[in-house]
**Student:** 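Take a look at this one; I'll ask things after.
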There are 2 protein chains.
Amino acid sequence: MTQRPSTAPTATRGHDDAMQNNHAFDNAEKTLEGLHAGQSLSSLFVSSTAEVVAAGKAICWEGDKANHLFQVEEGVVRLHRIIGEGRRVITAFHFAGDLIGASLQNDFLVTAEAVTECKIRRISRKSFHEEVARSNALGPAYISLLCQEAAAAHEQMGAACRRRMREERLCSFIVKLRSRRNPQPRQGLLRVPMNRQDIADHLGLTIETVSRTITKLAARNIVVPEGRHDLRIVNLARLVQLSGDADDFSENSCHRVNLH
Amino acid sequence: MTQRPSTAPTATRGHDDAMQNNHAFDNAEKTLEGLHAGQSLSSLFVSSTAEVVAAGKAICWEGDKANHLFQVEEGVVRLHRIIGEGRRVITAFHFAGDLIGASLQNDFLVTAEAVTECKIRRISRKSFHEEVARSNALGPAYISLLCQEAAAAHEQMGAACRRRMREERLCSFIVKLRSRRNPQPRQGLLRVPMNRQDIADHLGLTIETVSRTITKLAARNIVVPEGRHDLRIVNLARLVQLSGDADDFSENSCHRVNLH
DNA sequence: CGCGCTTTTGAATTATTTCAATCGGCGTGG
DNA sequence: CCACGCCGATTGAAATAATTCAAAAGCGCG
């Protein structure tokens, strides 16, 4: 079932090669596997042309034939599925370096949309698999990537089941955001590219609950919003603690699907 | 961090070959990939000895080195993680034919425990990867399996975010249970091998909420419990409808990680 | 500087949890 | 064979959390 909202035309191709590498802030530890998988699979995309996708535009649609894989070169992408009438679940956000569609076999299971203006590269599924089959380094890298993706999905699942809902979920979300390849405005500030509705749909909450929770965290001087898209992290230790009692945190919850 | 509760000794080996194939009820459509992946990967396990694990005993522990892959031959296994103090998330249930540990790279991310008495087979991760590398049919099968696992995890994620929570989640759970390779007591009855606490921890609800929801479904004559471990499905259509408005349901939510 | 849109805040309603008590099956021992 | 106690499941009532609907506020863009 292919359904295209009229407001979301297909990705426009462009040739804007003036990359600004302002990835100033990236505190994620990189797993050995992540690095390995990333380096080799990234090489498949270098020869393709970067496409510019305006904020809000779709890159691919749930239900479409998954003929391409995409790599986010710059910007933020949200993946969502429609469930029931009028509701949406954002299953993941993807940042610079992340691959979209690696775990697909036939159809896209999610719609991908640009949260901010993005640069993306694409290769066909066919040539991707040919390359993976040809090379003997790419196979393990691909498998490693799939395993990371599965681990991330499991992690997200766990997060979604937290009881002390809003607080835990939101803190967990903020902490994860910190560990992504997400350009930071300036020291101590965390950029939050997505709007409140996106966050709500990702966390399974309403926009009002998200807003109220942020307000409460601000009152406790843990994180303080500065404008709509930035958070000042005042008390990181407390934030991490609130995000799910920390013990197994730094290890497990930072698995990412990042190719850089 | 390896922590073994004293009540959960390691899996005991056994040789009980008297399989009773009473898989009378299995209405899951099988995807082409699923069948393919299953047939070839299953072959890796046939030479290994079946081990019998008593109900409640652990098969492997979160945090342990993932030196083996397991296949459930008979029975039901639950996978869980500990989050915060005293709470548990059951990330998945595995049934006959399912593989445990395929998406792991180093450590087990979950603890696996037998819900019912199980027969399981194991092979070492090392030889699994050697076999996959040697054969040219196994690689794609393995990748296909990983993709299915990712799809299932995504599906579960979506389910966890449903708003009209308890009813939708529980109905969705019941419907999924129907499509698993789960021996049925007799026509029209659905066996529910896990207890209420397991269901609650899987759905992110309390045991009381699960119980109340079942009671309400029974009052509406949709499913009626018969004893603790069986449900009579009275109105399947309504059940499916309640489980999340059905439109994309039969296709997407039945992806499984099944090797038969 | 205005307007439109997202976000925040408020109040009432609904859903879910929590705590506590009861039920019901099942196995053991008298 | 029956009584007892245990354990999982159910039910009830009060407390809490989250949603809904509605209105006000604030940011950002022209």
Side-chain angles (χ1 to χ4, degrees), chain A residues 7 54-56 78 83-90 115-117 160-171 173-174 185 189 191-220 223-232 242, chain B residues 7 55-56 78 83-90 115-116 160-171 173-174 192-220 223-231 242:
Chain A
T7 57
R78 66 171 172 251
I83 56 168
E85 5 72 54
R87 291 183 298 155
R88 179 181 75 150
V89 178
I90 294 185
V115 171
T116 63
E117 179 174 295
C161 285
R162 297 273 156 86
R163 283 281 169 56
R164 204 196 306 152
M165 291 257 220
R166 48 177 207 195
E167 195 172 85
E168 257 181 44
R169 288 200 205 176
L170 188 68
C171 290
F173 173 73
I174 295 170
L189 273 195
R191 173 118 277 234
V192 183
M194 58 292 287
N195 64 22
R196 300 289 188 264
Q197 187 65 62
D198 286 343
I199 298 175
D201 288 346
H202 183 53
L203 267 28
L205 300 169
T206 59
I207 184 173
E208 293 96 333
T209 304
V210 170
S211 179
R212 274 186 252 269
T213 307
I214 292 177
T215 302
K216 269 181 195 132
L217 289 176
R220 291 207 272 160
V223 296
V224 181
E226 298 196 2
R228 289 177 179 178
H229 288 294
D230 293 292
L231 282 180
R232 179 164 300 284
L242 288 173
Chain B
T7 56
R78 64 172 174 251
I83 56 167
E85 3 74 56
R87 291 184 298 156
R88 180 181 74 150
V89 178
I90 293 185
V115 171
T116 62
C161 285
R162 296 273 157 84
R163 283 282 167 57
R164 201 198 306 152
M165 292 256 219
R166 47 175 208 194
E167 194 170 87
E168 255 182 46
R169 288 200 204 176
L170 187 68
C171 290
F173 174 73
I174 295 170
V192 183
M194 57 293 287
N195 64 22
R196 300 289 188 263
Q197 187 65 62
D198 286 343
I199 298 174
D201 288 346
H202 184 52
L203 266 30
L205 300 169
T206 59
I207 185 174
E208 292 97 333
T209 304
V210 170
S211 179
R212 275 185 252 270
T213 308
I214 292 177
T215 303
K216 269 181 194 134
L217 289 176
R220 292 207 271 160
V223 296
V224 181
E226 297 196 3
R228 290 177 180 176
H229 289 293
D230 293 291
L231 282 179
L242 288 173

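Here the structure is a predicted model, which is why all the values come from computation and not from measurement.
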**Student:** Between A:Asp201 (CG) and D:dT19 (P), how many Å, whole number?
**Tutor:** 11 Å
**Student:** OP1 or OP2 of D:dA18 versus the side-chain N and O atoms of A:Thr206: is any pair under 4.0 Å?
**Tutor:** no
**Student:** C:dG24 C1' sits how many Å from B:Asn195 CG, rounded?
**Tutor:** 16 Å
**Student:** Please determine, for the side chain of B:Arg228, which listed nucleotide (D:dG8, D:dT20, C:dT7) has the closest atom?
**Tutor:** D:dG8
**Student:** Can you tell me how far OG1 of B:Thr209 sits from CD1 of B:Ile199, rounded to the nearest 0.5 angstrom?
**Tutor:** 12.5 Å
**Student:** Rounding to a whole Å, what distance do you find between A:Leu170:CG and D:dA17:P?
**Tutor:** 16 Å
**Student:** Can you tell me the base-pairing partner of D:dC29? Count Watson-Crick or G-U wobble geometry only, both distances below 3.5 Å, and say none if there is no partner.
**Tutor:** none
**Student:** Starting at atom CD1 of B:Ile207, determine the distance to atom C1' of C:dT17, rounded to an integer number of angstrom.
**Tutor:** 13 Å
**Student:** Please lay out, stage by stage, how B:Thr213 and B:Arg169 fare under the test side-chain contact (heavy atoms from CB on, under 4.5 Å).
**Tutor:** CA-CA 10 Å; B:Thr213 308; B:Arg169 288 200 204 176; over 6 Å; no
**Student:** Say you draw a straight line from CD of B:Glu167 to NZ of B:Lys216; how long is it, rounded to the nearest 0.5 Å?
**Tutor:** 9.0 Å
**Student:** So, does B:Arg196 use its side chain to make a donor-acceptor pair with the main chain of B:Arg228 at under 3.5 Å?
**Tutor:** yes
**Student:** Let me know the distance between CG of B:Asp198 and P of D:dG8, rounded to the nearest Å.
**Tutor:** 11 Å
**Student:** Kindly state which residues belonging to residues 208-218 of chain A come within less than 4.0 angstrom of DNA chain D, counting heavy atoms of the residue only, listed by number.
**Tutor:** A:Glu208, A:Thr209, A:Arg212
**Student:** Would you mind classifying the nucleic acid contact of A:Arg196 as base, sugar-phosphate or nothing, using non-hydrogen atoms under 4.0 angstrom?
**Tutor:** sugar-phosphate
